[in-house]
Amino acid sequence: MNLQGILNKEQEEAVLHGEGPLLILAGAGSGKTRVLTYRIAHLIADRGVSPWNILAITFTNKAAGEMRERVDQLAGFGAEQVWVSTFHATCVRILRRHIDCIGYQTNFTIYDTDDSKSLIRDVCRQVGVDTKVYKERSLLSAISAAKNEMITPEQFARDAAGDYGQEQVAKVYQAYQQQLYRNNALDFDDLLQKTVELFSRTPEVLAYYQERFRYILVDEYQDTNTVQFEFVRLLADRYRNLCVVGDDDQSIYKFRGANIENILSFERHYPDAKVIKLEQNYRSTGNILKAANGVISNNRGRKEKRLWTEAEEGKKIPLLQFDSAYQEAEYIVGDIRSKVRSGFYEYRDFAILYRTNAQSRLFEEKLLLSGTPYKIIGGVNFYARKEIKDLLAYLKTVDNGQDDLAVKRIINVPRRGIGNTTIARIEEYAGERGISFYEGLLQAENIPGISRAQNSIRSFVKPIQDARAKADSCSVKELLEKLIEDSGYVRELEEADTDEAKNRMENIDELFSKIAGYEESAQEPSLSGFLQEVALVADVDSLENDQNYVVLMTLHSAKGLEFPNVYLTGMEEGVFPSYLSFAMEDPADLEEERRLCYVGITRAKRELTLTWAKMRMQRGETQYSMPSRFLREVPKEVLDGAAGERGDQKRLEGFLAAGGFGQPAVFGQTGRTGQSGAAGQTGRTGFSGVSGQTGRTGQSGAAGQTGRNSRFQGKYQSAIMTGKQMQVNKAEGLSYGVGDRVSHVKFGQGTVMNIADGGKDYEVQVNFDSCGVKKMFASFAKLKKCP
DNA sequence: CCATCCACGTTTTTT
DNA sequence: ACGTGGATGG
């Protein structure tokens, strides 16, 4: 493979490294993914390593997907044999084959955090621990921490002896683990922990995987916790061809067990390890890098390194002060719009970053008001929504009746008149006989004291038994269709006829699209396969590069991403750094916040804007804050002098005087035209040409919809309330009209019959070739116009 | 058994 | 401010 001119000296050295342990300390933007992918390609092409013998591990599905793509491109034929996946997915794959060696069944279900919490609640009731004294959340994090440190319930109990509080936790931990086992379920931590247990207890299984994975590469190594480290260590033990890439300055997950020591002490574990530092940054301008270096250099206990770049200095960094968070949001949205209007940037070039999810609210409001397309990453996960969890519980029950939690979740959803008393009786009956809750239901006639519920139980069990009978011959889609029909789930929602019910229906439709997507892409689609995939997806994974919208997310979610324009917002003492990080007196917590700041700054390629507000609402209270200490740590010479001190006021005034956006005066103007003001604006400035957004911009002015600012605001407020992520704004307009041919992921092609303005969205009526007329919401249906 | 009301607790997040 | 979950009364 010819690497000439593609890599710098250090990168090349890392790529060409032969056998043995290798630690790559890769600063932000130094091309670590490039090094990893080229290294894989090099191993295959130049060293004759079989792709089959390579394992590449990442933390997120998105990172895995990206690496997969790049490896496939680079390494060409055979590349698909390389195992590229997340820690958790890797473990699931191994456990599905071998977990029977340690007593579980291979069709185990995976519990998410919500499931774990419910289980903890149940368990606390069982063992008589008061959840008012011992909160589920803290119990769960104690248990999770124990699992990450590979402390078994028995060992935990031993260590806890004498400490009443710890003894209670130990009791819960033990019972929790037992119940998981009975439910044939694993929580997220178990996936790692059980794999390590499997390796330790069955040397032949370990030997198989050691032999299989002769070359192991781990990305984001600074985020590994103790179990993950142990997992990697065991796998690599035989051939010692372990290559890890990480940046101790970007370790931001200590709170969930990431052990920064893993990277700092790699050389201790592998004294013969080769260490390569990548310090040349290819992402950001000189000023942005200086800011990042300035901030991070305040941390102690880090590996010394200094990012440098050959790139130009770039623009100075505006540091803007606002009286309120409201104005901060207004300014930023206006700034984005004017930069887009200038024609030099598109919406997708901007990211608004903040410390906590709650801060997204104000930005969302302003973006909606101005008709700017945006996407919020994070917040409530799609798969964490009630209706979705309900339906998945139905599917889980069909797939694996041993999951008591899933069964109990839906036994009375929709309402069947099965209450706590009945459930307790069944639990008791099943407990005595050592059978699962669902098996108990099947024998309901034998259970005394629940005669009145007999019919209800039958009406719950029947649809599930029917579905089971068909599970092998039916697609997942057909199975779920039948289940929601027979169980009356959708009927209940239809009858409710509220906005909320409508929203849920849309989410259910979305779930069907996901199922359709799965069944198309999977090699051998199956119910278990679908449930497994769904259990391991996150929200960041849904970030699509080809969509044109402003992205909003927490600093944590932003790691690994880059944007031409970044706004680092809410830079206030108490917000960022979070008050919790200095209330606890552990200086390590503050250092983690500082790393977070470093991560935020280094996301920016061309322009970075730092903002803070003197006043903002937090938890219903007005809070006044001082500027963040991190702002002081940014070297003065890279800050935009004109923007400092009073400069920001000037800018703001200038901006507003120039017509800005969003203020009542502007709305009055646009409203008057009766058509759509913002559309006129965007049209004039060549917005549609630049953005590549099709769409009749004539529809795009949200302001044009109503003349009255307040009414308009109310309408959009309700859209915010629903919590639905408006990936495609109504305000963006539709790319199709009545009579056009369109296609839909699930229903295929059809003809648009009608488009009605449904308030916060368009309701589109389409006559599909395959299944007739359907009504759907435009923002959700993602209809594509057929050429 | 179910609907309604009040109190509580709110970082960050993957999987 | 806001949603969740437990207690309470019908």
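Keep in mind that the numbers below use all heavy atoms, side chains included, and drop hydrogens, waters and symmetry copies. We name chains A, B, ... by the order of the sequence lines, and we start the count at 1 in each one.
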* Can you check the A/Asp189 CG to B/dT13 C1' distance for me, whole Å? -> 12 Å
* To do: Using a cut-off of strictly less than 4.0 Å, decide whether A/Thr422 has a side-chain nitrogen or oxygen near OP1 or OP2 of B/dC1.
  => yes
* Just checking A/Asp187: base, sugar-phosphate only, or nothing, at a heavy-atom cut-off of under 4.0 Å? -> nothing
* To do: Would you tell me if any nitrogen or oxygen in the side chain of A/Asn225 comes within less than 4.0 Å of OP1 or OP2 on B/dT14?
  => no
* To do: Nearest whole angstrom, please: distance from the P of C/dT4 to the CD of A/Glu136.
  => 15 Å
* Asked: Any side-chain N or O of A/Asn357 less than 4.0 Å from the OP1 or OP2 oxygen of B/dT13?
  -> yes
* Please determine if a side-chain N or O atom of A/Thr554 lies less than 4.0 Å away from the OP1 or OP2 oxygen of B/dT13. => yes
* To do: Can you spot which of A/Lys614, A/Lys366, A/Arg616 makes a salt bridge (charged side-chain N to carboxylate O under 4.0 Å, His left out) with A/Glu328?
  => A/Arg616
* Structure fact -> Taking B/dT13, B/dT12, B/dT10 as options, the one with an atom nearest any side-chain atom of A/Arg355 is B/dT12
* Rounded to the nearest angstrom, tell me the gap between atom OH in A/Tyr354 and atom P in B/dT11. => 15 Å
* Asked: Among the nucleotides C/dT4, B/dT13, B/dG9, which one has an atom lying closest to any side-chain atom of A/Lys386?
  -> C/dT4
Can you name the atoms? Protein N/O to nucleotides 3-7 of chain B N/O, anything below 3.5 Å, with the distance.
residue	atom	partner	partner atom	Å
B/dA3	OP2	A/Arg415	NH1	3.1

* Nearest-Å distance, CZ (A/Arg137) to C1' (C/dT4)? -> 13 Å
* Find which nucleotide of DNA chain B each of A/Glu592 and A/Gly417 is nearest to by heavy atoms, and output the residue with the more 5' nucleotide. => A/Gly417
* Which nucleotide, B/dT12, B/dC1, B/dT11, lies nearest any side-chain atom of A/Phe255? -> B/dT12
* **For A/Arg425, side-chain hydrogen bond (donor to acceptor under 3.5 Å, both in side chains) partners two or more places apart** => none
* Asked: Does any N or O in the side chain of A/Gln222 come within less than 3.5 Å of the main-chain N or O of A/Gly246, such that one atom is a donor and the other an acceptor?
  -> no
* Check side-chain hydrogen bond (donor to acceptor under 3.5 Å, both in side chains) between A/Arg491 and all other residues, then give those that pass, not counting sequence neighbours. => none
* Asked: Given atom OH of A/Tyr579 and atom C1' of B/dG9, what is their separation to the nearest angstrom?
  -> 10 Å
* Structure fact -> Correct closest heavy-atom pair for A/Ser116 and A/Tyr176 would be OG-OH, 3.2 Å
* Which part of the nucleic acid does A/Thr421 contact within heavy-atom distance under 4.0 Å: base, sugar-phosphate only, or nothing? -> sugar-phosphate
* To do: Check whether NZ of the Lys or CZ of the Arg A/Lys408 lies under 6.0 Å from the centre of the six-membered ring of A/Phe437 and within 45 degrees of that ring's axis.
  => yes
* In whole Å, what is the span from the CG atom of A/Leu140 to the C1' atom of B/dT14? -> 14 Å
* Between P of B/dT11 and CD of A/Gln618, the distance in whole Å -> 11 Å
* Asked: Any donor-acceptor pair under 3.5 Å between the side chain of A/Arg619 and the base of B/dT10?
  -> no
* Asked: Do we count A/Tyr253 as stacking onto B/dT12 if the rule is ring centres under 5.5 Å and planes under 30°?
  -> no
